[in-house]
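Read the numbers this way: they start at 1 and go in the same order the structure lists the ligands and their atoms. Source: prediction; values computed, not measured.
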Amino acid sequence: MTFKHLEPQDYKYLYRITAEPTPLKSNCGELCGSACCRPGQHGDLGMYLFPGEEIMFTRREEWLVWEEHDPGDYDFPASWQGPVYFVRCNGACPREMRPLACRFFPLAPHLHRDGRLQLIYETLELPYRCPLITADNSLDPGFINAVQQAWQIMLVDQRIRDLVEEDSRQREEDELPVVPVFY
Ligand code: SF4
Ligand code: SF4
């Protein structure tokens, strides 16, 4: 596999293919009061952007607060050069602008040792309960396909692949459940 860095046109494409699909055909936010969009008790919940994803924003969005982090201070692979952007939203984004992390949730990529990509339910410890993870709901196939397609593109970027590799090995070390997504 030839590795490259994702370019602005790649992010535009990723945003396009993940724009419409949602985990369920109905609005899953009605199951939980949109738990994953709440800013958290101390307003500190947010998400990291992938390297170069910041090109999709003007940084003047009123619904986003930006922080620049040094990847060396956090748990990022050595291949990540600074800064890394951490964004916190006010819980009411224009849907077409939501970051990739929001578009993929509640799915996460798991890279097996043989290089095989498997989409699984997110195993990160979360400060809220997502019923799509805890209640074994089957997800919309269009959503799963879009997320799968997006990750196949993203894993061509060595930095992102390093992150997914490290997360996958850590998940195995921690003996967290690698539960394939249900169709
Ligand atoms: S927490 Fe889960 S069920 Fe609730 S809005 Fe987020 S993805 Fe949907
Ligand atoms: S950016 Fe939008 S989708 Fe993502 S957590 Fe905030 S409100 Fe929810």
Pro99, portion touching ligand 2 at heavy-atom distance under 4.0 Å
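The side chain, only.
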Counting heavy atoms under 4.0 Å, the part of Met47 that contacts ligand 2 is side chain
[X] heavy atoms, cut-off 4.0 Å: which ligand 2 atoms fall inside?
X: Gly91; value: 7 (S)
X: Cys102; value: 1 (S), 3 (S), 4 (Fe), 5 (S)
X: Cys93; value: 1 (S), 2 (Fe), 3 (S), 7 (S)

Between [X] (side chain) and [Y] (backbone), is there a donor-acceptor pair under 3.5 Å?
X: Arg116; Y: His110; answer: no
X: Glu7; Y: Gln9; answer: no
X: Asp174; Y: Leu176; answer: no
X: Glu61; Y: Arg59; answer: yes

Quiz item: Counting heavy atoms only, which of Ala35, Cys28, Pro23 comes nearest to atom 3 (S) of ligand 1?
Solution: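 Result: the heavy atom closest to atom 3 (S) of ligand 1 is in Cys28.
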How about Cys37: does one of its N, O or S atoms come closer than 2.8 Å to atom 8 (Fe) of ligand 2?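 Checking atom 8 (Fe) of ligand 2 against Cys37, an N, O or S atom does fall under 2.8 Å.
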Would Leu132 count as a contact residue for ligand 1, given that I'm defining contact as a non-hydrogen atom of the residue lying under 4.0 Å from a ligand atom? yes
Quiz item: Does one hydrophobic cluster hold both Leu124 and Leu45, with members joined at side-chain heavy-atom distances below 4.5 Å?
Solution: no
Using the rule that Ile, Leu, Val, Met, Phe, Trp and Tyr join whenever any side-chain heavy atoms are under 4.5 Å apart, tell me whether Ile120 and Ile144 fall into a single cluster.
no
Using a strict 4.0 Å cut-off to heavy atoms of [X], name the atoms of ligand 1 that fall inside it.
X: Gly29; result: 5 (S)
X: Cys32; result: 1 (S), 3 (S), 4 (Fe), 5 (S)
X: Pro131; result: 3 (S)

Give the residue and atom name of whichever protein heavy atom lies nearest to [atom], and the separation in Å to one decimal.
atom: atom 6 (Fe) of ligand 2; value: Cys89 SG, 2.3 Å
atom: atom 2 (Fe) of ligand 1; value: Cys130 SG, 2.3 Å
atom: atom 7 (S) of ligand 1; value: Phe105 CD2, 3.6 Å

Query - Whether Cys36 has an N, O or S atom under 2.8 Å from atom 6 (Fe) of ligand 1 - result: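 So Cys36 does bind atom 6 (Fe) of ligand 1 by this criterion.
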query: Quick one: does NZ or CZ of Arg159 land under 6.0 Å from the six-membered ring centre of Phe50, within 45 degrees of the ring axis?
result: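 Geometry flag: not set, cation outside 6.0 Å or 45°.
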Residues, nucleotides or ligands: over 12 heavy atoms within 6.0 Å of [X] [atom1]:
X: Glu175; atom1: CD; result: no
X: Ile55; atom1: CD1; result: no
X: Glu20; atom1: CD; result: no

Next on the checklist: Could you check whether any heavy atom of Met97 sits closer than 4.0 Å to an atom of ligand 2, since that is the contact criterion I want to use?
Outcome noted: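 No, Met97 has no heavy atom closer than 4.0 Å to ligand 2.
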